[in-house]
Amino acid sequence: MNPFASRVSLNMQGQHNTTDTHKYSVILPTYNERKNLPIIVWLLAKVFNEHGLAWEIVVVDDASPDGTQEVAKELAKVYGTDKIVLKPRAGKLGLGTAYMHGLTFCTGDFVIIMDADFSHHPKFIPQFIKLQKTYNLDIVTGTRYRSKATPSLSDARPGGVHGWDLRRKLISRGANFLAATVLNPGVSDLTGSFRLYRLPVLRHIISLTVSRGYVFQMEMMVRARALGYTVGEVPITFVDRIFGESKLGADEVVGYAKGVWSLFTTI
Ligand SMILES: Nc1nc2c(ncn2[C@@H]2O[C@H](COP(=O)(O)OP(=O)(O)O[C@H]3O[C@H](CO)[C@@H](O)[C@H](O)[C@@H]3O)[C@@H](O)[C@H]2O)c(=O)[nH]1
Ligand SMILES: [Mg+2]
């Protein structure tokens, strides 16, 4: 990959004036996201097109009973099969393997992973890209737990979480505190899953990652830091979904604690 393939300048509003020749692949894992998918795809297309960026969205649907796949097929007709790439699986096989599966079909230089339920708003993607370019980073992650971009970026705003109850906030804070204390990777939001990776970097890290549930994100980041990859953070606001339900259960919490322990003993 040619690191000098894109030239970026900033206008007075801090927006991109780009001749960015890179392509951005988004992996969207979906399980029962029929109502959310058309809007998130529309928002993504808008952001990419407004910034003149080449893009594709790889939808990994796990045989959602609500008919998400039919919606994805309709979207592929509207936007084109080069833009909406549907790569379904036969059953609900989990978030971690959904990313692994989606990645095998990505044709971009960079891969963005995010949720399909608007908890991750596409409006933050230009800031991820700007931070990546400014510092030539391997990974940029959204953070709910830092108020400033790291390394610094002039126009980033504080992040946060909206719409979660106290139990879910405590689980998230506790999970981050546990991993940060035990593993010390120097990244503030280890469990979040709104991230941008260089494609070969994601392939490398994913090939080493063993966990498959929600703990997957934390393991990926800890391994990335242990391998010496550079990571930047952009504050994001995480807004809980309006349509549908979270798939986080008690078994995921136990799986997370086990994952921290296993990384502690192996890395
Ligand atoms: N294909 C597939 N997709 C799935 C599966 N489980 C969940 N998804 C999809 O993955 C995304 C996130 O799932 P949610 O169920 O909405 O997750 P959440 O509870 O809101 O958790 C979010 O925040 C956590 C951090 O606090 C993150 O760890 C997690 O990855 C996610 O971003 C959604 O697009 C959902 O449809 C699965 O087994 N298979
Ligand atoms: Mg969600």
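It should be emphasised that the depicted structure is a prediction, and the values quoted were computed from it without experimental measurement. Residues: numbered from 1 along the sequence shown.
In this structure, a donor-acceptor pair under 3.5 Å is absent between the side chains of Arg198 and Thr230. Using a 3.5 Å distance cut-off with no hydrogens or angles, the side chains of Ser188 and Thr143 do pair a donor with an acceptor. No side-chain donor-acceptor contact under 3.5 Å links Glu233 and Thr141.
Using a 4.5 Å heavy-atom threshold, the side chains of Pro65 and Tyr31 count as touching. Leu28 has its side chain within reach of Leu37: a pair of non-hydrogen atoms, C-beta onward, lies under 4.5 Å apart. Leu103 is listed as a side-chain neighbour of Leu199, based on a closest heavy-atom distance under 4.5 Å. Between Met220 and Leu202 there is a side-chain heavy-atom pair separated by less than 4.5 Å. Here the side chains of Val234 and Leu196 are not in contact, with every heavy-atom distance at 4.5 Å or above. Two residues are said to be in side-chain contact when any heavy atoms from C-beta on lie closer than 4.5 Å; Phe48 and Ile112 meet this criterion. Residues Ser211 and Thr209 form a side-chain contact, since some pair of their non-hydrogen atoms from C-beta on lies under 4.5 Å apart.
Judged by distance alone, with hydrogens and angles left aside, the side-chain atoms of Glu219 form a donor-acceptor pair with the main-chain N or O of Val210 at under 3.5 Å. Side chain of Gln132 to main chain of Leu137: a donor-acceptor pair is present (N/O by atom type, distance under 3.5 Å, no hydrogens or angles). Glu56 places a side-chain N or O within 3.5 Å of a backbone atom of Thr107 that can act as its donor or acceptor partner. Side-chain N or O atoms of Thr68 include one that pairs as donor or acceptor with a backbone N or O of Glu33 at under 3.5 Å. For the pair Arg146 (side chain) and Asp189 (backbone), a donor-acceptor distance under 3.5 Å is absent. Side-chain atoms of Arg144 never come within 3.5 Å of backbone atoms of Phe238 as a donor-acceptor pair (strictly under, hydrogens ignored). The main-chain N or O of Arg34 is found under 3.5 Å from a side-chain atom of Asp66 such that the two form a donor-acceptor pair.
Rounding to the nearest 0.5 Å places CG of Asn32 at 9.0 Å from NZ of Lys92. Considering NZ of Lys35 and CG of Asp117, their distance stands at 13.5 Å, rounded to 0.5 Å. Thr237 contributes atom OG1, which lies 10.0 Å from atom NE2 of His120 (distance to the nearest 0.5 angstrom). The distance from atom CD1 of Ile125 to atom CD1 of Ile236, rounded to the nearest 0.5 Å, is 11.0 Å. How far OH of Tyr256 is from CG of Leu190: 5.5 Å, rounded to the nearest 0.5 Å. The line from CE of Met218 to CZ of Arg223 is 10.0 Å long, rounded to the nearest 0.5 Å.
Residues that satisfy the ring-ring contact (aromatic ring centres under 6.0 Å, His included) test with Tyr24, not counting sequence neighbours, are Phe110. In this structure, the ring-ring contact (aromatic ring centres under 6.0 Å, His included) partners of His101, at least two apart in sequence or on a different chain, are Phe105.
Below 30°, between 30° and 60°, or above 60°: for Phe194 and Phe128 the angle between ring planes is between 30° and 60°, a tilted geometry. Ring geometry, Tyr229 versus His204: the interplanar angle exceeds 60°, so the pair is classed perpendicular (tilted spans 30 to 60°).
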Given Leu227 and Leu208, is the side-chain contact (heavy atoms from CB on, under 4.5 Å) satisfied, shown in steps?
-> CA-CA 11 Å; Leu227 290 163; Leu208 304 170; 3.7 Å; yes

Stepwise side-chain hydrogen bond (donor to acceptor under 3.5 Å, both in side chains) test for Gln217 and Thr191 = CA-CA 5 Å; Gln217 304 299 350; Thr191 57; over 6 Å; no

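Taking every heavy atom of both residues into account, Ile27 and Ala98 meet most closely at CG2-O, 4.4 Å.
Checked for salt-bridge contact, Arg89 and Asp62 meet the test: a charged N lies under 4.0 Å from a carboxylate O.
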